[in-house]
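Input: a single structure, listed below in structure tokens.
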Amino acid sequence: MSEKIIAQKAEIVKGVSEQFKNAASVVVVDYRGLTVAEVTDLRKELRDNGVKMEVIKNTYLRRAADANGYEALDEVFAGPTAVAFSDEDVVAPARIMAKYADQFDALEIKGGIIEGKVASLEEIMALAKLPDRDGMLSMLLSVLQAPVRNVAYAVKAVADSKDEEPAA
């Protein structure tokens, strides 16, 4: 093999290694059996949520994962493999892939990385059940507003009861 080809492969591994390093979460899937239209829809939804999906050779994935200390992922890099990388939203890749895995039996989640730690299929599925960032923020806002709302209701109830008392 020529030195030029070896250098090109090393550059690919380096690029994939950087993606692993910078990712908030990574989900590895087997996409074998999905139609072109289904893959296109999946990629579009991922892209709309800031997630990048790539099909990368398993050899490159193994070397890049090993370089980042994710040797436990080596076993999932077999067969047709697609990898979804998200640099910002930890939940999005898991949520979207789980949704499509439920819709299409052909899509199989194999494993991944969540915030720098190798995650099992069960951990990824648990993460997928969490709401997205906007959903979590609205839940937090609701929790923060509840005490203020309760005080407002109490004050209104007291005011209403004073209005209803008959004059003596």
Quick one: do [X] and [Y] end up in the same hydrophobic cluster if we chain Ile, Leu, Val, Met, Phe, Trp and Tyr together by side-chain heavy atoms under 4.5 Å apart?
X: Val91; Y: Val118; result: no
X: Ile96; Y: Val28; result: no
X: Val148; Y: Val143; result: no
X: Leu46; Y: Val55; result: yes
X: Ile113; Y: Met125; result: no

Inter- and intrachain pairs under salt bridge (charged side-chain N to carboxylate O under 4.0 Å, His left out), touching [range], at least two apart:
range: residues 47-59; value: Lys44-Asp48, Lys52-Glu54
range: residues 62-82; value: none
range: residues 22-39; value: Asp30-Arg32

Please say whether more than 12 non-hydrogen atoms of neighbouring residues, nucleotides or ligands are located less than 6.0 Å from CD in Gln8.
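Count over threshold, so yes.
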Looking at every heavy atom in both [X] and [Y], which two are closest together, and how far apart are they?
X: Val27; Y: Met97; value: CG1-CG, 4.0 Å
X: Ala92; Y: Val51; value: CB-CG2, 3.9 Å
X: Ala23; Y: Asp87; value: CA-OD1, 3.7 Å
X: Ile114; Y: Ala119; value: CD1-CB, 3.6 Å

All side chain to side chain donor-acceptor pair (under 3.5 Å) counterparts of Glu11, not counting sequence neighbours
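Per chain and number, Glu11 pairs via side chain to side chain donor-acceptor pair (under 3.5 Å) with no residue.
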Test question: given the 4.5 Å side-chain rule for I, L, V, M, F, W and Y, name all other residues clustered with Leu141, or answer none.
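Members alongside Leu141: none; it stands by itself.
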Checking one residue: Val158. Which other hydrophobic residues are in its cluster under the side-chain 4.5 Å linking rule?
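ILVMFWY cluster around Val158 holds nothing else.
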ring-ring contact (aromatic ring centres under 6.0 Å, His included) partners of residues 15-72, not counting sequence neighbours, each pair once
Phe20-Phe85
May I have all residue pairs that pass side-chain hydrogen bond (donor to acceptor under 3.5 Å, both in side chains) and include part of residues 98-118, sequence neighbours excluded?
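The answer is Glu45-Lys99, Glu45-Tyr100, Thr81-Lys110.
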side-chain hydrogen bond (donor to acceptor under 3.5 Å, both in side chains) pairs, two or more places apart, involving residues 144-159
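Output for this query lists Lys156-Asp160.
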Measure the spacing between CD1 of Ile56 and CG of Leu61 and express it to the nearest 0.5 Å.
5.0 Å
Measuring from Leu34:CG to Asp41:CG, what's the distance to the nearest 0.5 Å?
10.5 Å
Any side-chain heavy atom of Ser17 within less than 4.5 Å of one from Asn68?
yes
If you apply the rule side-chain contact (heavy atoms from CB on, under 4.5 Å), what do you find for Thr59 with Lys9, and how did you get there?
CA-CA 10 Å; Thr59 307; Lys9 289 181 178 185; over 6 Å; no
Does Thr40 have any side-chain contact (heavy atoms from CB on, under 4.5 Å) partners at least two apart in sequence or in another chain, and if so, which?
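Thr40: side-chain contact (heavy atoms from CB on, under 4.5 Å) contacts with Val36.
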Among all residues two or more places apart in sequence or in another chain, which pass the side-chain contact (heavy atoms from CB on, under 4.5 Å) test with Ser25?
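Residues passing side-chain contact (heavy atoms from CB on, under 4.5 Å) with Ser25: Ser86, Val90, Pro93.
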Applying salt bridge (charged side-chain N to carboxylate O under 4.0 Å, His left out), name anything that partners Lys14, two or more places apart in sequence or on another chain.
none
Full working for side-chain contact (heavy atoms from CB on, under 4.5 Å) between Arg43 and Val39:
CA-CA 6 Å; Arg43 283 183 182 265; Val39 172; 3.8 Å; yes
